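Computation of the quantities below employed the complete heavy-atom set of this structure, encompassing side-chain atoms and omitting hydrogens, waters and symmetry-equivalent molecules. Position 1 is the first residue of the sequence, and the numbers go up from there. Owing to the predicted nature of the structure, the values given are computational and were not obtained by experimental measurement.
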Amino acid sequence: MFKLATALSLLLLILSFGWAELEDSPREKRQSDKLHVTLLYESLCPDSRSFMHQLGPVYEEFQDYINILLVPFGKSQSERNGAIFHCQHGPAECKGNRLQSCVINSTANQAAQVKFVVCQMLAPDYSRVDQCANEAGLLTDVVHCLSTETGTKLQLQAELVTKQYSPSFIPTIVYNGVFNQQLQDHSLRDFRGTVCHLLRQQNLLPSSSTICQ
């Protein structure tokens, strides 16, 4: 009787947060010190651009609790070890993906990476590259990276990461290295709420924290 009551109490607690349909993460994932988020996106994808409106403010608020990996490749494909890339939204997107890879790789500062990517993704074209880099506090030789083997290798690396998950939709948001369709669907609608749910689930928030209230 006690076990049944305990189970019912736990179920009611989950329902109160509106996350009853989400599966529990593996126990070992809850021991991680940060929530690991991998974002698979494309530089000219309308849905990727739309998601940036969520990514910017959510990362700024939760950066102490999130480890993020930005992967600009999406449904692109390479040929002949990177001699040619085919991108879902055409050659301009291939250039944009490469540009994003070059800038992201120029710094280990994730806050700067996110700030640049959000700024550039929401710009009408690539004319704001320098402005977005300056706003993010980045100094990088993008031209050299774009025109050399460095840019090619970065895009091939992005392709390898993307193929691990075989995304059917872009953007795809992966948590702790494991794709979950329910988390994906929730993230597109409410990225902040999904992050809060997982931070609570992994016990990554101090008991005194009010960030998710």
Side-chain angles (χ1 to χ4, degrees), residues 37-59 68-107 110 112-136 138 140-175 177 179-181 183-191 194:
V37 181
T38 301
L39 176 62
L40 310 177
Y41 70 101
E42 296 165 339
S43 64
L44 292 183
C45 169
D47 291 311
S48 294
R49 285 183 161 179
S50 178
F51 186 73
M52 294 299 149
H53 291 288
Q54 292 197 76
L55 175 64
V58 170
Y59 183 81
I68 192 162
L69 177 63
L70 301 166
V71 187
F73 195 81
K75 295 184 178 180
S76 305
Q77 294 181 333
S78 67
E79 286 186 18
R80 306 205 309 267
N81 198 32
I84 300 174
F85 286 95
H86 301 283
C87 299
Q88 183 174 201
H89 300 93
E93 181 166 79
C94 290
K95 178 182 177 182
N97 291 344
R98 191 180 183 101
L99 174 104
Q100 300 258 342
S101 284
C102 286
V103 177
I104 290 169
N105 188 65
S106 72
T107 179
Q110 293 185 5
Q113 292 175 352
V114 172
K115 192 167 186 176
F116 172 82
V117 167
V118 171
C119 176
Q120 182 58 49
M121 289 288 288
L122 296 180
D125 53 41
Y126 296 123
S127 63
R128 292 183 57 193
V129 173
D130 290 338
Q131 179 184 340
C132 290
N134 289 335
E135 290 180 5
L138 297 175
T140 177
D141 187 357
V142 175
V143 175
H144 175 76
C145 179
L146 284 172
S147 60
T148 63
E149 189 73 10
T150 301
T152 301
K153 288 180 178 179
L154 290 174
Q155 275 292 278
L156 289 174
Q157 290 172 7
E159 182 176 26
L160 286 175
V161 174
T162 302
K163 283 186 174 180
Q164 291 179 24
Y165 304 105
S166 301
S168 60
F169 181 84
I170 298 298
T172 285
I173 304 96
V174 180
Y175 297 96
F179 176 74
N180 180 300
Q181 187 64 55
L183 291 175
Q184 163 78 1
D185 294 341
H186 277 285
S187 297
L188 293 174
R189 294 194 302 267
D190 181 11
F191 183 44
T194 307

Asp185-Gln181 side chain donor-acceptor pair, cut-off 3.5 Å: yes
Does a side-chain heavy-atom distance below 4.5 Å link Ser187 with Gln54? no
Ile173 vs Leu188 side-chain heavy atoms within contact, under 4.5 Å: yes
Could you walk me through whether Asn105 and Cys145 pass the side-chain contact (heavy atoms from CB on, under 4.5 Å) check? CA-CA 10 Å; Asn105 188 65; Cys145 179; over 6 Å; no
Test item: Val118 and Glu135 side chains (from C-beta on) under 4.5 Å apart, heavy atoms: no
Check each of Tyr59, Tyr41, Phe191 against Phe51 using the ring pair (Phe, Tyr, Trp, His ring centres under 6.0 Å) test, and report the only one that passes. Phe191
Can you find a heavy atom in the side chain of Asn97 that is under 4.5 Å from one in the side chain of Phe85? no
Which of Pro72, Cys132, Ser43 passes side chain to side chain contact (heavy atoms under 4.5 Å, CB included) with Gln120? It is Cys132
Given Ile104, which partner from the list Leu99, Leu69, Leu70 fulfils the side chain to side chain contact (heavy atoms under 4.5 Å, CB included) test? Leu70
Check whether any side-chain heavy atom of Thr152 lies under 4.5 Å from a side-chain heavy atom of Arg98, and answer yes or no. yes
Polar side-chain atom of Ser106 near backbone of Val103 as donor-acceptor pair, under 3.5 Å: yes
Could you tell me whether the side chains of Gln155 and Glu159 share a donor-acceptor contact shorter than 3.5 Å? no
Using only atom types and a distance under 3.5 Å, with no angle test, would you say the side chain of Asn134 pairs donor to acceptor with the backbone of Asp130? yes
Just so I know, are the side chains of Thr162 and Pro167 near enough to count as touching, which here means a heavy-atom distance under 4.5 Å? yes
Quick one: pull up CD in Gln77 and SG in Cys87 and give me the separation to the nearest 0.5 Å. 9.5 Å
With heavy-atom distances below 4.5 Å as the criterion, would you say the side chains of Leu39 and Val117 are in contact? no
Can you see whether Thr194 engages Tyr175 through a side-chain donor-acceptor pair at a distance of less than 3.5 angstrom? no
Check whether more than 12 heavy atoms from other residues, nucleotides or ligands sit under 6.0 Å from atom NE2 of His144, and answer yes or no. no
SG-CE distance between Cys119 and Met52, expressed to the nearest 0.5 angstrom: 12.0 Å
CG (Leu154) and CG (Leu156) are apart, to the nearest 0.5 Å, by 9.0 Å
Only one of Lys75, Arg49, Gln100, Gln88 passes side-chain hydrogen bond (donor to acceptor under 3.5 Å, both in side chains) with Glu42; say which it is. Gln88
